[in-house]
Amino acid sequence: MSEQMSERRAQLDHPLIAVPSHDELAEQLFVRDLKLYVMTRIEPVQARIAAAEQKASAGANNTAAALRERMGQHESFSTWLSLKRESQRQLWSSVAASVERQAGALEDLAAIEAPLGSVRTDPDFAVPDYIRRGDIHLMPGGNAHDDGSILQGAMMDRGGAVYMLGRNGGMLNDLRGQTAMAHVLTRFPDLNPARILDMGCGIGTSTVPAATCFPGAEVHGIDVGASMLRYAHARAEHLGAGVHFSQQSAEKTDFADGSFDLVFSCVMFHETSQAATMAIIAESRRLLRPGGVAVHLEVPLLHDNSDAWVELSGELEAQYNNEPNWRGALSADYRSLFEAAGFSSVETGYQATSPAARSGPFRYGPESEGVFRSWFVASGVA
C-alpha cells in the first residue's frame, strides 16, 4: 500500500465534523437508505415507463415537456417525485438537529490558535441571484446563509456525506477534489504550482486535497457563504492544511491578473447560471499566469439534448433539488467556452475517480466509466 493511501486510510474524518448520537445516526442511515431505494429501485422503473411512452408516441412531439405530460398520467411518477423531494428534506432535518445539539462544542473546536491559514469575509458581499433564488440541494438557508456561526458549514459537511451516500470520500467528502488533482497530474505532470485557487470551494472539501497534493503551494479558496468559509478554515486547520479562504464570487474576484498557476473548481457550474459559467471561465483565464492551468470538474452526466427522458430528468433535478443550472451545465460546450476565453490545449473528457490524487489512477479519456467512477473535466492552458 502506498504511503499516501496509508495516510488516507488513517484519516477517515476530522475532529470538526458533527458526530451523531445513536438515535441521530439511525435516522440519518434511514434517510440514506430511503434515498438509495428511491434512486436505485423506483427511478429505473420510471425510466422504463418513459421509454415505453416514447416508443408508443414515436413520430409525435417527443420533447421533455410532452413526455412530462404523459408521465403525469402514471400515479407512480408523482409518488417518485414526492419521495425524491421528501427524502432530501428529511436529510437536512435530521442533520440540522444533530448539528444544533453540538453547536457549542463545534464553535469551541473552530477557535484555532496560531492558524496556518486565514479566513476573510465581507459583510457587504452581494450574493448572486442564482444563489439567493432557492436553497440549493434544499439545504435550509442555502449556501450563503450566515448567522455569524459556523453551523451552516457544519450542516453542509455532515449532510454532504449522507447526501452523497458515502460515495464522495466518506466523511471527508473529498473524492472530487482528489480527482481534480489527479487530473492535473495526469494532463500536466510537470506543473508545480506555487499558487492555487479553488473556485466555489464550499467547506473546503476540494481545497484541502489541493494543499495536500501540492504542499509547497499557497492555496486559496473562495465562495459566497461566510459561515461555510469560517467552517472551511477551521476544518482545514484540523486537517493540517494552511488555506486562505475569502468570501468572493468566482465571476469576479479581487485577485490581480496572473495571480495563480492553477485555478480549479469542483461541481460548481451546475449551481450557477449559463452567464455565470462564461464569466467564471473568463475570470479563470484572467487569474492565470502564462502557462498556468485551469481545471473545472463537473458531474459526469453530460448529454446532447437528444433523449427526452434525459432532458426531463435534468429538469426534475433542477426543480426538485434546486439545481439552478443543472441543464445548462450538463449541455454546455466547454471546449468552445474555454477557447473563447483565450485558453489553448483545451481538452474535455472523463477523469477516473481517485481516492488519493498522487496514487492515481491517471486515466483521462472521452468515455465515462460511470457515475462516481469518473468525473467530467474540462481543462486548458493560459
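These numbers were taken from a predicted model, which means no experiment stands behind them.
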Legend entry - Pair Ser374, Glu369: side-chain N/O donor-acceptor within cut-off below 3.5 Å: no

Inset, instruction - May I ask you to check whether Ser57 and Arg70 show a side-chain donor-acceptor distance below 3.5 Å? - result: yes

Inset, instruction - For the pair Glu315 and Arg327, find out whether any cationic side-chain nitrogen is under 4.0 Å from an anionic carboxylate oxygen. - result: yes

Inset, instruction - Without swapping roles, check the side chain of Thr353 against the backbone of Phe372 for a donor-acceptor pair under 3.5 Å. - result: yes

Legend entry - Minimal non-hydrogen separation, Thr186 against Arg363, with atom names: OG1-N, 4.4 Å

Legend entry - Plane angle bin for Phe188 and His183 - parallel if under 30°, tilted between 30 and 60°, otherwise perpendicular: perpendicular

Inset, instruction - Kindly say whether Ala357 contributes a backbone atom to a donor-acceptor pair with the side chain of Gln178 at under 3.5 angstrom? - result: yes

Legend entry - Interatomic distance, Leu151 atom CG to His145 atom NE2 [nearest 0.5 angstrom]: 8.5 Å

Inset, instruction - May I ask you to check whether Arg187 and Ser379 show a side-chain donor-acceptor distance below 3.5 Å? - result: yes

Inset, instruction - Specify whether Phe269 and His296 have parallel, tilted or perpendicular ring planes, treating 30° as the upper limit for parallel and 60° as the lower limit for perpendicular. - result: tilted

Legend entry - Gln351 side, atom CD; Ser368 side, atom OG - distance, nearest 0.5 Å: 12.0 Å

Inset, instruction - Return yes if a side-chain donor-acceptor contact under 3.5 Å exists between Ser354 and Thr179, otherwise no. - result: no

Inset, instruction - Check for a donor-acceptor pair, side chain of Tyr334 on one end and backbone N or O of Ala329 on the other, with a separation under 3.5 Å. - result: yes

Legend entry - Electrostatic pair Glu347:Arg335 at N-O distance under 4.0 angstrom: yes

Inset, instruction - Can you see which heavy atom on Met155 is nearest to which on Ala96, and at what distance? - result: SD-CB, 3.5 Å

Inset, instruction - Answer whether the closest heavy-atom distance between the side chains of Arg120 and Asp254 falls below 4.5 Å. - result: yes

Legend entry - Geometric class of the Phe77/Trp80 ring pair [parallel <30°, tilted 30-60°, perpendicular >60°]: tilted

Inset, instruction - Answer yes or no for Arg358 and Phe214: cation-pi contact, defined as NZ/CZ to six-membered ring centre under 6.0 Å and angle to ring axis within 45°. - result: yes

Inset, instruction - With the side chain counted from C-beta on, respond yes when Arg176 and Val267 share a heavy-atom pair under 4.5 Å apart, and no when they do not. - result: yes

Legend entry - Short side-chain donor-acceptor distance under 3.5 Å, Thr79 and Glu75: no

Legend entry - Residue pair Pro209 / Gly204: nearest heavy atoms and the distance that separates them: CD-O, 4.3 Å

Inset, instruction - Evaluate the side chain to side chain contact (heavy atoms under 4.5 Å, CB included) criterion for residues Ser87 and Tyr37: first the C-alpha distance (whole Å), next the side-chain angles of each, then the deciding distance (0.1 Å), finally the verdict. - result: CA-CA 10 Å; Ser87 63; Tyr37 181 82; over 6 Å; no

Inset, instruction - Answer with yes or no whether the hydrophobic clustering places Met228 together with Phe125; edges join I, L, V, M, F, W, Y residues whose side-chain heavy atoms lie under 4.5 Å apart. - result: no

Inset, instruction - Take atom CD of Glu69 as the centre, draw a 6.0 Å sphere, and report whether it contains more than 12 heavy atoms from other residues, nucleotides or ligands. - result: no

Inset, instruction - Look only at the side chain of Glu339 and the backbone of Ser344, and say whether a donor-acceptor pair between them is shorter than 3.5 Å. - result: no

Inset, instruction - To the nearest 0.5 Å, tell me how far Ser21 OG sits from Leu25 CG. - result: 8.0 Å

Inset, instruction - Mind listing the closest non-hydrogen atom pair of Ser149 and Ser227 along with its distance? - result: O-OG, 3.1 Å

Inset, instruction - Consider only side-chain N and O atoms of Ser206 and Asp198, and report whether a donor and an acceptor are under 3.5 Å apart. - result: yes

Inset, instruction - Identify the two heavy atoms, one from Ala250 and one from Ile222, that lie closest to each other, and give their separation to 0.1 Å. - result: CA-CD1, 3.8 Å

Legend entry - N/O donor-acceptor pair under 3.5 Å between Asp174 side chain and Gly177 backbone: no

Inset, instruction - For the pair Asp146 (side chain) and Ala226 (backbone), establish whether a donor and an acceptor sit closer than 3.5 Å, ignoring hydrogens and angles. - result: no

Inset, instruction - Examine Val346 and Leu287 and state if one hydrophobic cluster contains both, with Ile, Leu, Val, Met, Phe, Trp and Tyr joined whenever side-chain heavy atoms are less than 4.5 Å apart. - result: yes

Inset, instruction - Please report the closest heavy-atom contact between Val243 and Ala211, naming both atoms and the distance. - result: CG2-CB, 4.3 Å

Inset, instruction - Check whether the side chains of Glu271 and His137 place a donor and an acceptor atom closer than 3.5 Å, and report yes or no. - result: yes

Legend entry - Glu24 and Ser94 side chains, donor-acceptor separation under 3.5 Å: no

Inset, instruction - With side chain to side chain contact (heavy atoms under 4.5 Å, CB included) as the test, would you mind laying out the steps for Leu262 and Met181 before giving the verdict? - result: CA-CA 10 Å; Leu262 171 62; Met181 293 305 102; 4.2 Å; yes

Legend entry - Donor-acceptor pair, side chain of Gln152 and main chain of Pro140, under 3.5 angstrom: yes

Inset, instruction - State the CG-CD1 distance between Asn321 and Ile136, to the nearest 0.5 angstrom. - result: 10.0 Å

Inset, instruction - Compare all side-chain heavy atoms of Arg285 with those of Phe343 and state whether any distance is below 4.5 angstrom. - result: yes

Legend entry - Validation row, ring centre Tyr350 to ring centre Tyr364 under 6.0 Å: no

Inset, instruction - Specify whether His220 and His244 have parallel, tilted or perpendicular ring planes, treating 30° as the upper limit for parallel and 60° as the lower limit for perpendicular. - result: tilted

Legend entry - Glu27 side, atom CD; Ser98 side, atom OG - distance, nearest 0.5 Å: 9.5 Å

Inset, instruction - Taking Gln247 for its side chain and Leu229 for its backbone only, find out whether a donor-acceptor pair lies under 3.5 Å. - result: no

Legend entry - Co-membership, hydrophobic cluster, residues Leu109 and Phe245, 4.5 Å side-chain: yes

Legend entry - ILVMFWY cluster, Val371 and Leu330 together (side-chain gap under 4.5 Å): yes

Inset, instruction - Please assess Leu239 against Leu172 for the test side chain to side chain contact (heavy atoms under 4.5 Å, CB included), listing each intermediate value before the final yes or no. - result: CA-CA 10 Å; Leu239 287 168; Leu172 286 177; 4.2 Å; yes

Inset, instruction - May I ask you to decide if Gly292's main-chain N or O and Asp261's side chain share a donor-acceptor pair within less than 3.5 Å? - result: no

Legend entry - ILVMFWY cluster, Val19 and Val162 together (side-chain gap under 4.5 Å): no

Legend entry - Note, Tyr231 side chain near Leu106 side chain (heavy atom, < 4.5 Å): no

Inset, instruction - Answer yes or no: is there a side-chain heavy-atom contact under 4.5 Å between Thr348 and Val377? - result: no

Inset, instruction - Please lay out, stage by stage, how His238 and Ile112 fare under the test side chain to side chain contact (heavy atoms under 4.5 Å, CB included). - result: CA-CA 9 Å; His238 279 289; Ile112 305 297; 3.9 Å; yes

Inset, instruction - Would you check if the side chain of Asp223 reaches a backbone N or O of Cys201 as a donor-acceptor pair within less than 3.5 Å? - result: yes

Inset, instruction - Please determine, by modelled atom types, if Asn173 and Asp157 share a side-chain donor-acceptor pair under 3.5 angstrom. - result: yes

Inset, instruction - Indicate yes or no: does Asp257 engage Arg289 in a salt bridge with an N to O separation below 4.0 Å. - result: no

Inset, instruction - Using distance alone, with no hydrogens and no angle criterion, decide if Glu53 and His74 have a side-chain donor and acceptor under 3.5 Å apart. - result: yes

Inset, instruction - Evaluate the side-chain proximity of Leu67 to Trp309: yes if any heavy-atom separation is below 4.5 Å, no if none is. - result: yes

Inset, instruction - Could you tell me whether the side chain of Arg235 reaches within less than 4.5 Å of the side chain of Val208, counting heavy atoms only? - result: yes

Inset, instruction - With the side chain counted from C-beta on, respond yes when Tyr320 and Leu81 share a heavy-atom pair under 4.5 Å apart, and no when they do not. - result: yes

Legend entry - Spacing of Met268 atom CE and Met199 atom CE [to the nearest 0.5 Å]: 6.0 Å

